[in-house]
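Have a look at the structure below before the remarks.
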Amino acid sequence: MASSDSESLYLHPDRNIALELVRATEAAAIRSYPWIGRGDKIGADRAAVDAMRAFLSTVDFDGVVVIGEGEKDEAPMLFNGERVGNGRGPACDIAVDPIDGTSLTAAGRQNALSVIAVADRGTMLDASSVFYMDKIVTDASGRGVVDIRKPIGENLRALASAKGVEVSDLRVAVLNRPRHEQLIADIREAGAGTRLISDGDVAGGINAARYESRIDMCVGIGGSPEGITTACAIKALGGFMQGRLAPKDDEERARGEAAGLDCDQVYELDDLVGSDNTFFVATGVTDGELVDGVRKKGPIIRTESIVLRGRSGTIRRVRADHLVEKWLDDADR
């Protein structure tokens, strides 16, 4: 990226790209609103993808989707490698998840988000060839203390000591999956409490790094795309994160290695995203600890978003009211 472009985009307060990106996550969240609790995660995702892509096309940047809907979702749009933006701005890597938690949205459960993350071109790890990643996330207390290679009980005792609390005071977010039965048992045996999440581990990871959250750690195997997206947010929060790819079989391992990935390596935060020049934007689809979900209030729809900027370490919350008639058809109101 040319230095003049970088300065224009990231250093001048009147050219903060996050304020443009938040329009895209707001659009995706609003368009998915009629699908909340309707049992149709494909319909919800399609509506969110269409809206996000339309708004991204207006943003002044030359973006390449490194983390997109990808092969796993057989996406026709916002796929890995797609160019987004109007091409007139700086070159960036972009990670998108129009709905992180499509099943949550379909069921009307908490913690579904619309998410975009951006970093300098060539700095996001392209982990798309291996769908899952083992992750551990904490706030800054975990740096030099926690290590994904250690048993979970040892990590919990070390983190509790660093925080100056008892292990019993810690709460650990874990995706509620059969593969995590032993991990959950080990966390509880160590004396810590669990916060089991059904989907949407981006929110779980971010909450583990936020100082005001009740979550102290997020661990376990989730999506590798979500891991890269989360890493952009952890940069802004000053937290700790490690990841290790978790191929499901030898074929996937071989595919990852052919793409230049090391399935035995522990990827540190700077390996996941090599730039501190990151943006992370998320708008709530359904209510959660991180942000409120989309709410219809008479003639308006209200959205809440969080905007994290890595270079400055700034966290902003954006609450916006949108006229229903501009966004939803009569049948959806």
Side-chain angles (χ1 to χ4, degrees), residues 100-101 103-104 109-113 115 132-246 266-269 272 280 282 286-291 306 308:
D100 177 42
S103 295
L104 299 176
R109 296 198 300 267
Q110 291 191 332
N111 290 317
L113 301 170
V115 175
Y132 292 104
M133 177 185 290
D134 193 9
K135 293 165 269 192
I136 188 165
V137 185
T138 73
D139 65 9
S141 303
R143 286 197 222 132
V145 171
V146 169
D147 193 303
I148 199 170
R149 289 162 285 216
K150 296 178 181 177
I152 187 62
E154 185 176 340
N155 277 327
L156 288 169
R157 289 187 289 273
L159 183 62
S161 177
K163 285 176 171 282
V165 300
E166 299 295 324
V167 173
S168 58
D169 294 320
L170 299 180
R171 294 293 176 270
V172 184
V174 188
L175 279 170
N176 190 11
R177 299 287 189 273
R179 62 179 177 264
H180 290 150
E181 287 181 0
Q182 187 60 53
L183 174 61
I184 292 166
D186 290 343
I187 291 168
R188 292 170 176 170
E189 184 178 353
T194 55
R195 180 75 62 86
L196 301 184
I197 51 181
S198 55
D199 275 296
D201 64 338
V202 171
I206 293 172
N207 283 328
R210 292 194 308 133
Y211 72 90
E212 73 269 39
S213 170
R214 189 63 189 85
I215 303 297
D216 300 283
M217 180 185 288
C218 183
V219 295
I221 297 173
S224 54
E226 288 83 355
I228 307 305
T229 303
T230 301
C232 289
I234 303 306
K235 287 268 186 172
L237 293 166
F240 165 82
M241 181 175 180
Q242 290 175 322
R244 183 167 48 194
L245 295 169
V266 172
Y267 287 90
E268 305 291 341
L269 183 57
L272 298 171
F280 174 92
T286 59
D287 286 346
E289 185 178 348
L290 189 62
V291 285
I306 188 168
L308 308 177

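What you are looking at is a predicted structure, and each value in this text was computed from that prediction instead of being measured.
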Could you tell me the separation between the [atom1] atom of [X] and the [atom2] atom of [Y], rounded to the nearest 0.5 Å?
X	Y	atom1	atom2	value
Cys232	Leu269	SG	CG	9.0 Å
Asp134	Arg149	CG	CZ	12.0 Å
Leu113	Leu104	CG	CG	9.0 Å
Thr230	Lys235	OG1	NZ	14.0 Å
Thr286	Arg109	OG1	CZ	9.5 Å
Gln242	Lys135	CD	NZ	14.0 Å

- Item | Heavy-atom donor-acceptor pair, Ser224 side chain to Met133 backbone, under 3.5 Å | no

- Query: Residues in side chain to side chain contact (heavy atoms under 4.5 Å, CB included) with Ala236, at least two apart?
  - Reply: Leu308

- Message: Run the side chain to side chain contact (heavy atoms under 4.5 Å, CB included) test on Met217 and Ile136 for me, step by step, so that the C-alpha distance in whole Å, both residues' side-chain angles and the decisive distance to 0.1 Å come before the verdict.
- Response: CA-CA 7 Å; Met217 180 185 288; Ile136 188 165; 4.1 Å; yes

- Query: Would Leu183 and Val219 satisfy side chain to side chain contact (heavy atoms under 4.5 Å, CB included), going step by step from the backbone distance to the final call?
  - Reply: CA-CA 9 Å; Leu183 174 61; Val219 295; 3.8 Å; yes

- Got a sec, which pairs hit salt bridge (charged side-chain N to carboxylate O under 4.0 Å, His left out) with one end in residues 153-163, sequence neighbours left out? Asp139-Lys163, Lys163-Asp216

Determine all donor-acceptor pairs shorter than 3.5 Å in which one atom belongs to a side chain in residues 203-213; sequence neighbours excluded.
unit_1, atom_1, unit_2, atom_2, d
Asn207, OD1, Arg210, NE, 3.0
Asn207, OD1, Arg210, NH2, 3.0
Asn207, ND2, Ala203, O, 3.2
Arg210, NH1, Glu212, OE2, 2.9
Ser213, OG, Asn207, O, 2.9
Ser213, OG, Ile215, N, 3.0
Ser213, OG, Glu289, OE2, 3.0

- Residues that Glu166 engages under side-chain hydrogen bond (donor to acceptor under 3.5 Å, both in side chains), provided they are two or more places apart: none

- Quick one: list whatever passes side-chain hydrogen bond (donor to acceptor under 3.5 Å, both in side chains) with Asp287, sequence neighbours left out. Arg295

Is there a side-chain contact between [X] and [Y] (heavy atoms, below 4.5 Å)?
X	Y	answer
Ile234	Phe280	no
Arg195	Arg214	yes
Leu245	Tyr267	yes
Leu290	Asn111	no

- Tell me the side-chain hydrogen bond (donor to acceptor under 3.5 Å, both in side chains) pairs involving residues 172-194, sequence neighbours left out? Arg177-Asp199, Gln182-Asp186, Arg188-Thr194

